Structures are given as C-alpha cells and as structure tokens.
S.K.: 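Right, I'll just put the structure down here and ask away after.
The structure displayed is predicted, hence computed values, not measured ones.
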Number of protein chains: 2
Amino acid sequence: MSTLPRATQADVARLAGVSSKTVSRVFAGTGDVSATTQERVLSAAKRLRFRPNGLARNLRRGGVTNTIAFVMGDLKNPFYFQVAAGVERELAASGFTMLLATTDDSPASEEVVVDALLSQRVRALLLIPIADDQSYLDGERQLGTPIISVDRPAGNLVADSVVLRNRQGMAEAVRSLTALGHRKIAFISNPSAMYTQRERLAGYREALREVGVTDSARWERLDDDPAVSAESIVRGLLDGGDPPTAIVAGNNRGSHGAIPVLRDRMPPVAFIGFDDFELADALGISVVGYDAFEFGRTAARLALERLADPVAFSRQVEIATRVIHRGSGEILPPAQ
Amino acid sequence: MSTLPRATQADVARLAGVSSKTVSRVFAGTGDVSATTQERVLSAAKRLRFRPNGLARNLRRGGVTNTIAFVMGDLKNPFYFQVAAGVERELAASGFTMLLATTDDSPASEEVVVDALLSQRVRALLLIPIADDQSYLDGERQLGTPIISVDRPAGNLVADSVVLRNRQGMAEAVRSLTALGHRKIAFISNPSAMYTQRERLAGYREALREVGVTDSARWERLDDDPAVSAESIVRGLLDGGDPPTAIVAGNNRGSHGAIPVLRDRMPPVAFIGFDDFELADALGISVVGYDAFEFGRTAARLALERLADPVAFSRQVEIATRVIHRGSGEILPPAQ
DNA sequence: AAAGCAAATGTCCACGCTGTCTGACTCTGT
DNA sequence: ACAGAGTCAGACAGCGTGGACATTTGCTTT
C-alpha cells in the first residue's frame, strides 16, 4: 500500500477535461458551472480522492484562516476544561476551529507557544496569561489580531479581558458567614493562580474588616508547596489551639482537601468553597459558583466581536459569581 | 489606530537592503548569513513587526503542517478532557499543536467536521467515532494520513485504535462482589457511549454467569432518557420489591447518581463505579479506574508512530483498568 | 438572420515563502 | 599574482489556489 500522491486541482482538471479554474469554481461554490461539468469534475475528484488544499486557499485569500487559538497553562484543571469547552462551542457556532495549546504553566514557554500560533495566522488569540508581562503581544495587536485575556488581566498590554468577580464573590461568601455570627474564619488556597487568589483573599479580608476583624492574617493559609496537601492544612488549622469556626477555600483544591476532614466533625465547622464541582450538590457543600462554560463562551464572543470591529475600545468583562447555599455554609458557630 | 498592513519578507528585504531570500534564510535558520546582514534583517523585521507566514511556508514545503486534529463528541465530559490533555501533552512534546474540534455528539456533523480539518492538512487525525461508519476516511488513510480511533473502534475502516479494557474491568469488579457473596447485583448506565457500555454490560453478565446467575436482565437499568436522573433510577431499584444488595455503574453519571442515595443506607448496599473521579477517594467509593491522561498520550503516540512508519500493520491498543478498592465495594451482603 | 446578452469556461498571475542554481566576493597556498 | 576553495547573497520558479479579466458558447430578441 504505497501512499499515492495527493491530487491537486490541476490533476482533477486534467482527468475531467476542464481547466483548473473550473475545478476551483466547483469546490469553492463560486461562479456558474453547468450541471454536466460539475458532475464530471466531482466524479474525477472522487476518483483521485481530491480534497481542496486549505493552506493554499488561505494563503491566496490573504493569509486568513478560520482558526482561533486558546492558550492555557494546564489542561488538567477541570475548570479550564469547562472554559475551553465553552470557547470551542461558541467558536464552532461561527465556523471557527479552536487551536488548543498549553504553556505547561511555564512563563518562559508562553511567548514561544504564542509566537508559533501567530505564525500560523490564527485569527484571534485567547490567552490565560501565565507570564507577568504580555507586552510582546502589542505589535500583533496593532496588526489587528484580537487578543483576549482570560481569567486574569494581561500585563502591560491593552487587551480585552474576561475575569470572574473574584473579590466580590469571596466577600459575599464571608459575609454570609459573619452574618451567622462567625468571626474566626480561615482562608485556605494555594496561590498558583496568583491574580485570582489575590483577589479572593482581598475579598475575604474586606468582608472581615466590615465586622471589625483585623487580625485575619493568623487564619490565612496560602502555602504553595505541592508536597503539603490541602487536607493536612485543614487538619492543622482545626487541631491547633484556637481553631476557626468556619473555613473558606480559595479554590477547588482547598474544597477537596476540606471535605474528608470536615465530615462528621464535632462541633461542626462551616465551610464555603470557591469553584463549583459536580458532587458539591450531593454532598451539601456550599460554594461560590459561576458558569465556567459560559465564561468560555463569553471569551470567545469577545474575540468574535473584536474581529468584527477591530477599532472598538477594549472591554473588560466580569463574570458573575454567586454563593450557592447547600448546607455546609449555613452552620452556626458553636455557642461560646 | 488604523491597523497597519502585515509586512512580508519582501518588505523586510527592501528595508534592510537585501533580497527576500536572505530574509528567508535568517528566519528559517538555513544557509549562511553574515552576522552584519543578519542583524540588519532582524532590526528591519522588528521595525515592521514582521512574522513569517506559516501558511506560505507550509504550502511551499509541500503542504505539511505541524497540527494534529483531535475530534470528539462532547467536551463537557471530564473524562474526555483528561484524554485531550494527554493528547496535547504528548503532541506538544514532539512539536505538534492540537486542533480540537467537537461534533456535538451528532453523527451527521462528524464527517463535515473531519472534512474541514483534513482540508487544513492536519498531519494526523485522532477521532472518537460517533457515527457508526467511518469508511469515508478510507481515502484519506490511503493518502497516508494516520487515523487513530479513540475509545471505540472505527466502523468499516482499518485504523489504529486505543480503547479501554471495558469488559475485563467490569467483569473484575463484579467478580469482587460475587466473591463476597453478592448475587443480586444491579447494573446502571446510560448507553450514550454505545460501544463502551455494551462492553461493560457484557463483562457484568459474564461475571454473573460464572457464578450461575443467568437472570441478570431484571437488574439492568440502561435508560437513556436524560430526563430520568441516575439518582431516581438507583432509588427505584432499592425501593422496589427484592432490591439488589450491590450496584455497579457503567459510567460516572451512574456513580454521581448513586452516591447521595447510598449514603447512610441501611442495610448498606455495595457499590462500584466505572471511571475514577477526584473525590472518590475522599468518599470511599470503589471504582474501576484507569489513567485517562495516559490514555490520551497513548493515542497521540500511536499517531506519531504511524507518521514515522506509514505502512506498519494497524494496531489495537488496550488501556489497562483495575478495580480500586476504597470501601464501598467491600460491603458484605446482608445475612439472609 | 443579425445583433445582443447572459451563462459557461479559460488564461494569467499573485498570495508569501523556500529550493535550486548562479554569481560575486574573500581568503589561502604556491 | 593566480588558481582553487569557501562564504555569502541574489534571481528565478513554483507550491495549490482564487481573483481579475478575456473568451467562447448558447440562446433570446427584433
């Protein structure tokens, strides 16, 4: 089974006894071609397994492709996966294909990866910034390529962006706890996603300050050591002297660590996570939730809109979050 | 901010006072260019924000891209997301970019989507077949494009494939239950992924036959109605007359439905799911597990290997599964 | 039947890049 | 001083397609 060479328009034209331009017309669906000719061309094409060369087509059409790149740090995170799903769906609805690339959470590789994608003439770039500085994209932006910063703002670059209402969401969660009388509220997270965690931490502090708690630092656990499990951090908090009566988590990793510890704990400890997850409902875990799929769609929509109007002002969109009450966050503090 | 036109090699050459071929040499890293010239070219390129056009380059080089397509039915399923992550990682390690497309679980759109990707001259195609027949890909296969069928075998097409050991995995799970004395074992799943569920069902029946149970049909719940939740199916089983003493699930949806029902159930009901999930460990849920990320890597590796050796015999790879005991599957049947 | 016109098909070339080939220049050894 | 080797840069063509324009065909109109 030697692989036969790929047929071109010219090959099809020769077999069908027409000019290559006619073959072009048949496959591009442009211009008038008689039914007889069309049939002859199609049958010749089929025989030769001809498929138009999209590369050549795109080149001829001015280097315009129908792919849009989405660059993220780490595909393994289910949250980003949902976002990617939303992006893909929205793009596909407009006839675009998603080129998915990862930077392996390495700031150094971000520019390399992005550069390779831009060379392939993607129509737009959706990026979850991992490096601190995206000024290297400014040239491309000026050339008219829409650049959308996702989940965190881009550094040193004018770009459209979509982020969560991190601060407000967390503040709202903490307020729901202080309203029940909680004052000793711990915050756990691993700050791998710097920006979001910083915002959520700020929201946590803000809500505590509102009720006069200013020494929250002693309840904050921001370890980033992957060797230390979230579970052990929660245990450390609760088994130490003066344990908190409530815990909020800055991300899902914290929630997963807290769940096994908090079950059947006496006295019960209130808990609210950040990021919803499938079993949260079944387990009665309150969280700050949002629609990750819609998040992705919004990012994609921004790219499409900028494609349609390249000179519009840049836009910063915030995705709503809300506290979803499922029981774990409605536990009262133990009576003094 | 009018968008300036994109510079080409010729523009850079003009500004640098060299020929376009020299610019090509600088950016392709081929041939000898003196340090002085190189510097002049690079500075001119920077001034014009020049970036080589990958489309033109690929066309010139014989229509060979560095993208590999992965087509799946539905991105929302976290299992496929893990697989995609594995694919991406393995491809990136070899310098390829993943083009991700979905068919929205619609058999009709599969060929359309695949066709568009092949037109873009992807180097290889990884496909989770959703239609029953992939014979339309035979021509492309003969042209030398590696085609890898993922998670289910392709229909009417010679192709490499990677699938799970569905049947053996499920049989092993059921055997671990029969070994404890269970005989009334229910099987729940929604057969949206026909092939895998059929295999798992076969494994379930096989293991039951081994201990003389032949009337398993009354314990099988294969509803595909999305309006009927897995949870209500489990409830229906347990609250009916003659309830099962153990339940196995054909997929994660079944597990998620079973978890809230089985908690604190008296007498306790044994349960083993299929597909691992992050909280399974914390919740003590036994499952038939496997490495989804590695699954994706294997699929990608298969594509890369076939790219290197297009005429090798087609290969069918099976990914190992194993029962992970965490407590829920080790519950004894109630004494008669 | 001649003129007029739309439909159908063809010719030529450019999109941006690189492979091949050729030519100009620099350096070495005798 | 000159041949031979080595280094560097340019001219040209063509990858497969589609746009601009030219040409032919078939059919209507008076």
S.K.: Roughly, in whole Å, what's the span from CD in A:Gln120 to P in C:dC17?
M.R.: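 Interatomic distance, CD of A:Gln120 to P of C:dC17: 12 Å.
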S.K.: When the distance from CG of A:Asp32 to P of D:dT25 is rounded to whole Å, what number comes out?
M.R.: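 Atom CG in A:Asp32 sits about 18 Å away from atom P in D:dT25.
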S.K.: Which is true for B:Phe27 with a 4.0 Å heavy-atom rule: it touches a base, it touches only sugar-phosphate, or it touches nothing?
M.R.: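 The answer is nothing, as B:Phe27 stays clear of every strand by at least 4.0 Å.
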S.K.: Taking A:Ser109 for its side chain and A:Val112 for its backbone only, find out whether a donor-acceptor pair lies under 3.5 Å.
M.R.: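 Not at all, since once roles are kept as given, no pair shorter than 3.5 Å links the two residues.
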S.K.: Measure the distance from CZ on A:Arg40 to P on C:dG10 and round it to the nearest whole Å.
M.R.: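 After rounding, the gap between these two atoms is 9 Å.
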S.K.: For A:Leu55 and D:dG18, what is the distance between atoms CG and C1' respectively, to the nearest whole Å?
M.R.: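 The answer, rounded to whole Å, is 15 Å.
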S.K.: Decide yes or no, distance alone: a donor-acceptor N/O pair under 3.5 angstrom between the base of D:dG10 and the side-chain of B:Arg25.
M.R.: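 Answer yes: a donor N or O sits under 3.5 Å from an acceptor.
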S.K.: Would you say A:Ser19 reaches C:dT11's phosphate, i.e. side-chain N/O to OP1/OP2 under 4.0 Å?
M.R.: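 No, because none of the side-chain N or O atoms of A:Ser19 sits under 4.0 Å from OP1 or OP2 of C:dT11.
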S.K.: Establish, with yes or no, whether the OP1 or OP2 oxygen of C:dA8 is under 4.0 angstrom from a side-chain nitrogen or oxygen of A:Gln38.
M.R.: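 So the side-chain polar atoms of A:Gln38 never come under 4.0 Å of the phosphate oxygens OP1 or OP2 of C:dA8.
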S.K.: Hey, are B:Tyr80 and B:Asp151 close enough side-chain-wise for a donor-acceptor pair under 3.5 Å?
M.R.: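 Note: B:Asp151 and B:Tyr80 side chains meet the donor-acceptor criterion.
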S.K.: Indicate, with a heavy-atom threshold strictly under 4.0 Å, whether A:Thr30 touches base, sugar-phosphate, or nothing.
M.R.: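 Counting heavy atoms under 4.0 Å across all strands, no contact is made by A:Thr30.
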S.K.: In terms of side-chain heavy atoms, does A:Tyr195 have a donor or acceptor partner in A:Asn166 at a distance below 3.5 Å?
M.R.: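 Judged by distance alone, the side chains do not pair up.
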S.K.: Distance check needed: D:dG16 P versus A:Arg6 CZ, whole Å only.
M.R.: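 About 11 Å, once rounded to whole Å.
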S.K.: Mind calculating the distance between CG (B:Asn53) and C1' (D:dC15) to the nearest angstrom?
M.R.: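 After rounding, the reported distance stands at 13 Å.
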S.K.: Within less than 4.0 Å of OP1 or OP2 of D:dA9, is there a side-chain N or O belonging to B:Ser34?
M.R.: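 Indeed, a polar side-chain atom of B:Ser34 lies that close.
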S.K.: State whether A:Thr22 places a side-chain N or O below 4.0 Å from either non-bridging phosphate oxygen (OP1 or OP2) of C:dG10.
M.R.: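 Checking C:dG10 against A:Thr22, a side-chain N or O does come within under 4.0 Å of OP1 or OP2.
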S.K.: Please check if any side-chain donor atom of A:Asn58 sits under 3.5 Å from a side-chain acceptor atom of B:Gln120, or the reverse.
M.R.: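 B:Gln120 and A:Asn58 do have a side-chain donor-acceptor pair below 3.5 Å.
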S.K.: Go through C:dT18, D:dG10, D:dG18 for me and flag the one nearest to the B:Val18 side chain.
M.R.: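 Given the options C:dT18, D:dG10, D:dG18, the side chain of B:Val18 is closest to D:dG10.
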S.K.: Taking NZ from B:Lys21 and C1' from C:dG16, how many angstroms apart are they, rounded to a whole number?
M.R.: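 Atom NZ in B:Lys21 sits about 13 Å away from atom C1' in C:dG16.
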S.K.: Return the value, rounded to whole Å, for the distance between atom CZ of A:Arg121 and atom C1' of C:dC17.
M.R.: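 These atoms are roughly 11 Å apart.
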S.K.: For the rings on A:Phe79 and A:Tyr290, is their centre-to-centre separation under 6.0 Å?
M.R.: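 Yes, ring centres under 6.0 Å apart.
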